Amino acid sequence: MESFLVDNLEKFDTSETLKDWDGDFRAYMDAKEDKLRVQFHKEFENTETCKVFSGVTIWVDGETSPSREELRQLMGLGGGNFETYFSRHLVTHIVAENLSASKIKELKKYRLHSICVVRPQWVVDSFVNKKIQPVARYLTPGILDDHQKQLQTTNEQLNNSLVETDIVHGTKPDRTLYYRRTASHSTNENPNFVRDFFAQSRLHFIGSFRARYEKILARMVAEEGTLCKLPYDRSKTSERVIFHVDMDCFFAAVSLAKTPSLRNQPIAVCHARQNSEIVDSSCEISSANYEARAFGIHAGMFVGEARKLAPSLITVPYDFEAYEKTSELIYRKFLEYAERVEAVSVDEAYLEMTGIVLPVRMKDKEIRNIEDLAMELRLEIERISGCTASIGIGSNKTLARLATKKAKPNGQFAIWSHQAMEKLSLLPVEELPGVGWMTRRRLHSMNIFICQQLRELSLERLEKEFGKQTALSIFETCRGKDERPLELYRPPKSIGAEVNWGVRFENNLQRSREMQKIHIGYRFVIMLCCFYDGISVNTMPVDVVCERLKAADAKATKLTYKVLRKQRNAPPPRKYLGCGLVDEFSKSTSFPISDSALEIGPRCLTLHESLNIPLDELRGVGIHCFGLEFSSHHHKRHNSGITLSKYFQLDRNPQQLRIDGCLKMSRMPSKQNIMGKTMYHEKSNDIRVSPNNKRSNHSLDELITKNGWSREVFVELPNEIQQELLKDAQSCNQRVFWGNSSAMSSFGVSKRARSKCNKTNPSFLQPTLTQLDDIYQAKDQGLSQLVVAEEFQTRSIRECLEILQDVEHAKKPKIHIPLEYSNMVNSVRQEQETWYQSLHNLMNDPFVELSKHLRIWITQIQSFQPDLRRKHQEALFASVLHEVENGRLYQVQGIKQHIL
DNA sequence: ATCCTCCCCTAC
DNA sequence: TAAGGTAGGGGAGGAT
Ligand SMILES: Nc1ccn([C@H]2C[C@H](O)[C@@H](COP(=O)(O)OP(=O)(O)OP(=O)(O)O)O2)c(=O)n1
Ligand SMILES: [Mg+2]
Ligand SMILES: [Mg+2]
């Protein structure tokens with residue numbers, strides 16, 4: 001017990017970021033399996049007689065003849081692999097005499113469609129004939145249902161392709177520690193890996209948009225001449241007006257426009273196939289529509305996770321071409337509306353509307369004011385693209401951006417500078433642009449949750465905490481102040497590319513150092529070569545290495561080479577072929593200006609060498625060029641009536657010059673630096689595990705569950721609080737507010753609060769029998785499809801929810817019941833001493849979902865000193881009520897649809 | 001003082 | 001299966 005506590009206190013002491021909740025047990029098992037594989041590898045190193053089984057990995061189920069050990073020998077002699085434990089990722093063939101019904105069922109949940117189940121004779125015959133035998137004649141009886149028959153063909157293809165591959169390479173294949181079927185996915189075997197990767201990478205697609213934008217713009221200018229169709233009076237000196245336009249769930253919306261039949265269903269754009277049998281896919285969701293978001297699904301979430309929230313989730317494949325086309329359409333529209341447009345991303349831009357002359361007639365419509373104009377733009381966007389956009393209107397970029405958040409989805413909202421202080425005061429700090437995961441945590445640990453509190457900090461205090469520039473940026477942003485001009489075009493300061501997925505090189509200890517060098521050189525050069533927008537293939541390295549630089553008409557004088565190295569004892573990555581827990585290392589160098597692969601390639605190699613990374617621990621590679629010089633300006637090359645240079649000249653008006661040189665927006669810094677290394681955090685709400693302590697984390701998880709803490713919130717809490725909670729739990733001195741379920745009243749508030757509610761508020765009374773009848777009837781009539789919020793305002797939340805709970809297929813949708821909630825909150829507020837405990841209980845009601853920052857706040861406030869707590873009381877209740885009254889969604893169980 | 005290197009953080 | 005990229009601002013601390 002004691003050691004457990006110490007372990008955990010140590011862990012959170014680091015105040016270090018995340019996160020790998022990967023089970024320790026899995027890590028242990030995997031290490032053990034790896035060891036077995038190494039043993040196997042060593043055992044047959046010198047006795048391997050042929051390579052008939054190269055690429056084949058078997059797993060033996062039950063008693064067989066020949067025996068398990070004999071089969072193992074055959075695999076070793078034939079250059080194959082033998083797994084002691086079944087793994088769907090590794091095994092290509094299950095060997096079994098027969099399979100019981102229950103075994104079949106068990107295996108079915110894995111991907112049986114690419115794994116054959118064969119009799120042992122298949123191994124024997126294949127070995128004797130020195131050729132992989134068609135599996136058809138060897139299939140284990142009892143599994144040959146229709147499904148399996150179909151898959152048989154696939155397996156023949158797999159076998160053939162493996163054999164073919166070996167022939168093509170003409171070399172004796174290594175018996176790799178990795179299974180062959182990763183071949184097409186990892187760097188290990190696929191010479192086109194980099195090309196394939198970039199062709200499929202959504203992050204590459206959105207990340208490289210800005211580099212493509214200039215050309216898109218040039219083409220549009222060339223085709224159409226004058227773009228802007230609205231009158232502007234640039235001499236007007238009134239307040240600035242900025243539109244921030246952002247498409248609603250962009251990728252998802254584009255797909256929905258193409259496939260309208262999917263509308264009103266929860267969808268997510270990702271690589272995972274809809275009818276894939278993978279149970280716990282680590283495929284990332286790129287964009288989820290609002291129906292899916294009602295279940296709590298969001299970009300970056302694994303599909304496996306999402307399916308748990310919404311089994312009815314429909315997955316939709318990427319369509320990058322369509323995104324690019326739609327993007328061009330909407331940018332065309334942006335340029336019609338505004339002379340000055342700043343591209344932010346593929347689905348998002350700032351439009352300078354300052355000086356617009358209104359009213360104006362557009363298509364027989366009278367546009368009287370800015371709001372009309374935004375509405376018209378949104379309708380136009382929807383008309384031409386079939387996708388909806390939201391528009392934030394503000395006196396500067398920050399306010400416009402914040403307004404967009406309020407406007408979404410398919411809406412518009414304005415925040416003018418004179419409203420900023422008031423409208424931002426209850427805004428959670430993490431909603432400020434520039435405040436991300438880390439800054440939020442640091443602010444929370446300073447007991448700062450909303451902008452209003454952030455404003456109470458002096459600039460000096462912020463500087464001490466965050467550094468000069470960053471402090472200033474936060475200081476201004478939380479006041480809604482922002483003078484940054486729109487940047488119509490900005491030449492890049494760096495051009496780079498990296499791959500941190502699927503990087504797996506062989507661990508071949510036999511290879512001489514010189515061979516290793518050649519080996520890594522080869523792989524590495526391939527990486528360099530294929531970077532250019534995922535387009536080039538198999539071209540000679542020297543021709544292609546710097547294509548990207550050339551495309552930008554740039555030459556570089558500096559480069560940074562970056563690698564990710566697997567951490568010692570790192571558990572397997574949560575993500576399939578992900579980089580997992582890694583340390584990052586980088587090194588830079590200067591060279592005579594160049595865009596030639598002959599110059600740059602070898603320098604990368606030198607840097608790589610100097611970093612001394614064992615090949616098999618390499619998890620990611622990146623190259624970034626700096627010190628760019630441009631040989632020409634692109635916009636001069638396009639000859640049309642209106643040149644781009646003319647367009648860019650709009651960037652230099654008097655107002656502009658006045659603003660230039662002022663405050664620049666900045667991002668957060670940090671001084672986290674553990675032992676000179678950095679931790680790559682797995683993308684998740686995970687707690688980082690101290691790698692050498694296997695049991696502690698497991699127990700921590702248990703402890704969290706046992707105490708009914710929300711892991712999501714726990715992770716976010718400052719370390720001191722985490723420690724305190726652990727201590728509390730440890731001493732078995734649980735406080736009332738951590739109450740287990742029996743301590744909770746039926747409303748999730750204290751008994752005292754409850755009785756008060758009942759007196760003062762009729763909505764807490766039991767519904768009448770007639771009302772219950774109504775509810776049941778509504779349910780029968782397809783209540784799951786649509787529920788009107790008002791219907792529930794006269795009933796207690798729990799009553800309604802319990803009734804709805806068993807609605808068919810329903811999982812975790814959200815409902816908004818403003819009246820009842822504000823009543824509950826207000827009654828808690830009136831409690832003298834126990835309000836914070838009651839609030840905590842209210843928050844923990846399984847049917848309630850408060851936003852994350854409120855949950856963290858409420859949790860932290862429990863351990864405040866009384867006077868500090870009192871100081872927070874008003875702001876906290878104001879925030880909770882604000883959230884309740886302004887239509888945040890509340891998560892309940894039982895209703896299918898997103899309701900408002 | 002200022003620059004340089006190696007990170008760190010953020011946004012889409 | 002699955003495709004965890006790209007670019008920018010900025011900080012700490014050492015070199016100049
Ligand atoms: N983690 C992320 C974030 C974004 N994107 C992609 C998919 C999005 O559709 C597109 C635009 O990003 P947005 O932040 O604008 O998100 P959406 O447009 O999807 O949703 P919203 O309605 O919130 O703008 O970028 C992604 O692949 N992965
Ligand atoms: Mg968007
Ligand atoms: Mg966007």
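This structure is a prediction, so every number in the text was calculated from the model and none was measured. Labels below follow one simple rule: chain letters A, B, ... track the order of the sequence lines, proteins then strands, and each chain is numbered from 1.
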Side-chain N or O of Ser281(A) closer than 4.0 Å to phosphate OP1/OP2 of dA2(C): yes

Is there a side-chain polar atom (N or O) of Ser345(A) under 4.0 Å from OP1 or OP2 of dA11(B)? no

Considering only dG5(C), dG4(C), dC9(B), which nucleotide approaches the side chain of Phe198(A) most closely? dG5(C)

Establish, with yes or no, whether the OP1 or OP2 oxygen of dC9(B) is under 4.0 angstrom from a side-chain nitrogen or oxygen of Thr470(A). no

Nearest whole angstrom, please: distance from the P of dG4(C) to the NZ of Lys562(A). 14 Å

Whole-Å gap separating C1' (dG10(C)) and CD (Glu463(A)): 14 Å

Considering just the side-chain nitrogens and oxygens of Ser473(A), establish if one lies under 4.0 Å of OP1 or OP2 belonging to dG9(C). no

Is there a side-chain polar atom (N or O) of His204(A) under 4.0 Å from OP1 or OP2 of dT6(C)? yes

Check the distance between dG9(C)'s C1' and Leu432(A)'s CG and give it to me in whole angstrom. 17 Å

note: Trp501(A), atom CH2; dA3(C), atom P; distance rounded to Å ~ 6 Å

Any side-chain N or O of Gln200(A) under 4.0 Å from OP1/OP2 of dA2(C)? no

From the options dG4(C), dC6(B), dA2(C), select the nucleotide whose nearest atom is closest to the side chain of Pro573(A). dG4(C)

Checking Lys566(A) now: which residues fulfil side-chain contact (heavy atoms from CB on, under 4.5 Å) with it, not counting sequence neighbours? Ala570(A), Glu617(A), Arg619(A)

More than 12 non-hydrogen atoms from neighbouring residues, nucleotides or ligands closer than 6.0 Å to NZ on Lys468(A), yes or no? no

Along DNA chain C (nearest heavy atom to each residue), the more 5'-positioned of Arg490(A) and Phe205(A): Phe205(A)

Rounded to the Å, how far apart are Lys397(A) NZ and dT10(B) P? 19 Å

Look at the aromatic rings of Phe626(A) and His624(A) and report parallel, tilted or perpendicular, splitting at 30° and 60°. tilted

Any idea how Phe209(A) and Tyr213(A) line up, ring-wise: parallel (<30°), tilted (30 to 60°), or perpendicular (>60°)? tilted

If you draw the axis of the six-membered ring of Tyr561(A), does the NZ or CZ of Arg603(A) fall within 45° of it and under 6.0 Å from the ring centre? no

Think Lys575(A) has a side-chain N or O under 4.0 angstrom from the OP1 or OP2 of dT1(C)? no

Looking at dT5(B), dA2(C), dC9(B), which one has an atom nearest to any side-chain atom of Ser588(A)? dT5(B)

Can you identify which nucleotide, out of dC7(B), dG11(C), dG8(C), has its nearest atom closest to the Lys493(A) side chain? dG8(C)

Atom-to-atom span, CD1 of Ile206(A) to P of dT10(B) - whole angstrom: 17 Å

Where is the tightest heavy-atom contact between Ala471(A) and Phe466(A), given as atom of each residue plus distance? N-CB, 4.3 Å

Under 4.0 angstrom, heavy atoms only, what part of the nucleic acid is Thr560(A) near: base, sugar-phosphate, or nothing? nothing

Taking the side chain of Ser201(A) as heavy atoms from C-beta outward, which of dA11(B), dG5(C), dA2(C) is closest to it? dG5(C)

In whole angstroms, how far is the P atom of dG4(C) from the CG atom of Leu581(A)? 19 Å

Touch class at under 4.0 angstrom, heavy-atom based, for Lys468(A) against every strand present: sugar-phosphate

To the nearest angstrom, how far is Leu203(A) atom CG from dA2(C) atom C1'? 13 Å

Under the rule for side-chain contact (heavy atoms from CB on, under 4.5 Å), what residues qualify as partners of Ser385(A), not counting sequence neighbours? Met247(A), Thr326(A), Ile330(A), Ile381(A), Cys387(A)

For a quick test of reading the model: is some side-chain N or O of Arg484(A) closer than 4.0 Å to OP1 or OP2 of dG8(C)? no

Among dT1(C), dC7(B), dA2(C), the one nearest Ser276(A) by side-chain distance: dT1(C)

Taking only side-chain nitrogens and oxygens of Ser494(A), does any of them come within less than 4.0 Å of OP1 or OP2 of dG8(C)? yes

Listed nucleotide nearest any side-chain atom of Ala272(A), set dC12(B), dA2(C), dT10(B): dA2(C)

Any base atoms under 4.0 Å from Arg210(A), or only sugar-phosphate, or nothing? Heavy atoms, all strands. nothing

With a 4.0 Å cutoff (strictly under), does any side-chain N or O of Arg202(A) reach OP1 or OP2 of dG4(C)? yes

